[in-house]
Amino acid sequence: LGMFSELKFPVPWGHVAAKAWGPSEGHPVLCLHGWLDNANTFDKLIPLLPRGCYYVAMDFSGHGLSSHRPAGCLYHFLDYVTDVCRVAAALQWRRFTLMGHSMGNFSFSYCFISPQFCFLYPEMVDKLILLESLGFLLAPEDTEAWLKSKRRVIDRLLSLEAKQQTPKARSPEAALQRLLEANSHLTAEGGAILLQRGATETPAG
């Protein structure tokens, strides 16, 4: 398991990088690094683990060889959970083992990513392995509401990304008509004023 391959998964702001060990047909194991680390944190561990598994260690956005998020965007814990969803979908993994590493008391947003993913998508995780992690704790009365709201946010975002299409070009008249149909309170004059700044002219329309 000393040899590895480099992987790249496209995301809206660039790519998420990863490295993989073992046979691609082996049991899938997704490895998540800790605070200020990257996929190389698993270099010494993976060769000691059982053969026959396919270990994929991803670099979280802004770490290792993964693209940084656009300037001005925050790195929120839920965004990292969403990145795990993106990588699992790109690998076409419906069920896999999740191994998360974290260190120190300052890595709360990191040490919780593996348990949070497991909590939000239990049907996708067959085993959860935590290395130097505190786990993820919620007050019992908050559990159901947290689960529903956070999973809804992630699923809606990924659904919108999957439906992304090249914007359609319309004539100014057709664009105004569509705007007025979607906003019954607008007058034609008001709609035309908004379109001056709310539409972009291209060679196609």
Side-chain angles (χ1 to χ4, degrees), residues 1 4-5 7 9 11 16-64 66 75-158:
L1 285 175
F4 65 89
S5 58
L7 305 174
F9 308 103
V11 293
V16 168
K19 56 194 304 186
W21 296 261
S24 58
E25 68 277 6
H27 180 78
V29 180
L30 187 61
C31 308
L32 308 181
H33 65 76
W35 178 250
L36 297 182
D37 288 349
N38 55 56
N40 276 8
T41 198
F42 293 99
D43 278 8
K44 296 293 186 180
L45 175 62
I46 298 296
L48 304 176
L49 299 182
R51 298 180 181 275
C53 291
Y54 185 48
Y55 301 95
V56 175
M58 58 183 280
D59 291 324
F60 284 122
S61 297
H63 297 71
S66 288
Y75 289 79
H76 192 263
F77 70 87
L78 204 60
D79 296 322
Y80 289 123
V81 175
T82 308
D83 287 349
V84 175
C85 291
R86 290 186 176 100
V87 169
L91 290 165
Q92 298 183 324
W93 287 359
R94 300 177 67 88
R95 193 163 173 81
F96 54 93
T97 295
L98 194 58
M99 179 164 60
H101 171 252
S102 175
M103 60 181 183
N105 293 324
F106 300 102
S107 54
F108 292 118
S109 63
Y110 286 78
C111 73
F112 290 160
I113 293 170
S114 299
Q116 279 185 32
F117 181 88
C118 189
F119 183 53
L120 286 165
Y121 298 93
E123 73 278 8
M124 297 183 69
V125 180
D126 61 7
K127 293 184 184 73
L128 176 63
I129 303 168
L130 300 178
L131 310 174
E132 297 182 290
S133 178
L134 301 175
F136 177 55
L137 304 175
L138 279 177
E141 63 272 16
D142 297 333
T143 300
E144 189 173 348
W146 189 94
L147 176 62
K148 286 183 177 178
S149 65
K150 298 301 185 284
R151 180 156 175 165
R152 185 166 58 243
V153 167
I154 293 174
D155 290 347
R156 282 182 177 176
L157 174 62
L158 295 178

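Quick caveat, the model's predicted, so the values are computed rather than measured.
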[X]: what forms a side-chain contact (heavy atoms from CB on, under 4.5 Å) with it, not counting sequence neighbours?
{"X": "Val87", "answer": "Phe9, Val16, Leu30, Met58, Leu91"}
{"X": "Ala88", "answer": "Phe96, Met124"}
{"X": "Asn38", "answer": "Asn40, Asp59"}
{"X": "Leu45", "answer": "Phe42, Leu49, Met99, Leu131"}

Report the residues that fulfil salt bridge (Lys or Arg N to Asp or Glu O under 4.0 Å) with [X], sequence neighbours left out, ordered by chain and then residue number.
{"X": "Asp79", "result": "none"}
{"X": "Arg95", "result": "none"}
{"X": "Asp126", "result": "none"}

With sequence neighbours excluded, tell me which residues meet side chain to side chain donor-acceptor pair (under 3.5 Å) with [X].
{"X": "Thr82", "value": "none"}
{"X": "Lys148", "value": "Glu144"}
{"X": "Gln92", "value": "none"}

Please state whether the rings of His63 and His33 are parallel, tilted or perpendicular, taking 30° and 60° as the class boundaries.
tilted
Can you tell me how the ring of Trp93 sits relative to the ring of Tyr54, calling it parallel under 30°, perpendicular over 60° and tilted otherwise?
perpendicular
Could you tell me the separation between the [atom1] atom of [X] and the [atom2] atom of [Y], rounded to the nearest 0.5 Å?
{"X": "Leu78", "Y": "Lys150", "atom1": "CG", "atom2": "NZ", "value": "6.5 Å"}
{"X": "Leu32", "Y": "Ile129", "atom1": "CG", "atom2": "CD1", "value": "11.0 Å"}
{"X": "Cys118", "Y": "Ile113", "atom1": "SG", "atom2": "CD1", "value": "14.0 Å"}
{"X": "Arg86", "Y": "Leu158", "atom1": "CZ", "atom2": "CG", "value": "5.5 Å"}

Report yes if some heavy atom in the side chain of [X] is under 4.5 Å from a heavy atom in the side chain of [Y]; otherwise report no.
{"X": "Ser61", "Y": "Tyr75", "value": "yes"}
{"X": "Val84", "Y": "Phe60", "value": "yes"}
{"X": "Pro28", "Y": "Val56", "value": "no"}

Across all chains, not counting sequence neighbours, the ring pair (Phe, Tyr, Trp, His ring centres under 6.0 Å) partners of Tyr55 are none
With sequence neighbours left out, the residues meeting ring pair (Phe, Tyr, Trp, His ring centres under 6.0 Å) with Tyr121 are Phe117
So does Asp37 get a backbone contact from the side chain of Thr41, meaning a donor-acceptor N/O pair under 3.5 Å?
no
